[in-house]
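Comments concern the structure below.
Everything quoted here is computed from the prediction, not taken from an experiment.
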Amino acid sequence: AAGVIQSPRHLIKEKRETATLKCYPIPRHDTVYWYQQGPGQDPQFLISFYEKMQSDKGSIPDRFSAQQFSDYHSELNMSSLELGDSALYFCASRAGTGYYEQYFGPGTRLTVT
Amino acid sequence: GENVEQHPSTLSVQEGDSAVIKCTYSDSASNYFPWYKQELGKRPQLIIDIRSNVGEKKDQRIAVTLNKTAKHFSLHITETQPEDSAVYFCAASKSDFGNEKLTFGTGTRLTIIP
């Protein structure tokens with residue numbers, strides 16, 4: 001079965017640079033969630049989208065922005081990167097209203113040097 | 001907001017024995033409780049979940065129980081195998097629109113001793 005796709009899988013950036021992470025949800029899933037997981041920590045919710053509209057917002061820095069496009073893929077844009085932004089970034093998708101399960105992509109490992 | 005506590009943080013059991021991980025949640029409006037297994041550097045993998053209208057759910061060697069009154073839920077793994085070694089996260093969420101984000105517990109590192 002098709003799964004959530006994320007790209008790139010690994011990304012190395014320097015401080016103050018920008019990064020764009022992409023997420024392609026499972027086909028026919030209309031809801032996308034972004035989570036950040038630091039080393040040894042649990043995933044923390046950043047932001048979510050339903051039918052191309054932001055549906056919820058968590059502890060996402062103002063330096064980050066995200067959107068969901070007409071084909072339901074989502075991009076997380078990160079600017080003025082800081083060392084503390086180094087983490088695993090996961091995207092998860094859900095089938096929509098009436099469905100509860102969130103399925104995670106393989107993640108993007110971002111390293112800021 | 002929701003707060004999920006998870007215990008223990010580490011757990012070692014002999015192969016073939018059972019393992020139990022417990023979580024408590026704070027928001028009585030939460031109604032969906034999944035469990036994820038995560039191997040090092042990999043994605044969280046949904047292994048079992050339970051909704052608030054059910055008290056127990058079982059899938060082969062794993063089971064989850066929910067006590068809504070006490071606001072706690074538990075993961076039970078029987079006949080443990082070396083491949084069960086991983087970090088396990090419990091989570092809680094609500095089903096109403098705009099509130100489905102998962103709030104995770106802090107994780108349990110399970111080690112199965114051969």
Is B:V4 reachable from B:L46 through a run of I, L, V, M, F, W or Y residues, each pair having side-chain heavy atoms under 4.5 Å apart? no
Under 4.5 Å to a heavy atom of chain A? For B:L102 that would be both
Group every Ile, Leu, Val, Met, Phe, Trp and Tyr by side-chain heavy-atom contacts under 4.5 Å, then state whether A:F64 and A:I47 land in the same group. yes
Which atom pairs, one donor and one acceptor, sit under 3.5 Å between chain A and chain B?
residue	atom	partner	partner atom	Å
A:Y33	OH	B:E100	OE1	3.2
A:Y35	OH	B:L102	N	3.0
A:Q37	OE1	B:Q38	NE2	2.8
A:Q37	NE2	B:Q38	OE1	2.9
A:D56	OD2	B:K101	NZ	3.2
A:R94	NH2	B:E100	OE2	3.3
A:Q102	O	B:Y36	OH	2.6
A:Q102	NE2	B:E100	O	2.9
A:F104	O	B:R43	NH1	3.0

Checking heavy atoms, do the side chain of B:F104, its backbone, both or neither come under 4.5 Å from chain A? both
Treat each ILVMFWY residue as a node, draw an edge where side-chain heavy atoms are under 4.5 Å apart, and state whether B:V20 and B:I48 are in one component. no
Taking everything shown except A:D62 itself, do over 12 heavy atoms lie less than 6.0 Å from its CG? no
With a cutoff of under 4.5 Å between side-chain heavy atoms, which Ile, Leu, Val, Met, Phe, Trp and Tyr residues group with A:I12? none
Does NZ in A:K22 sit with more than 12 non-hydrogen atoms of other residues, nucleotides or ligands closer than 6.0 Å? no
Under 4.5 Å from a heavy atom of chain A, the part of B:P44 involved: both
Transitively linked via ILVMFWY side-chain contacts under 4.5 Å: A:Y72 with A:I26? no
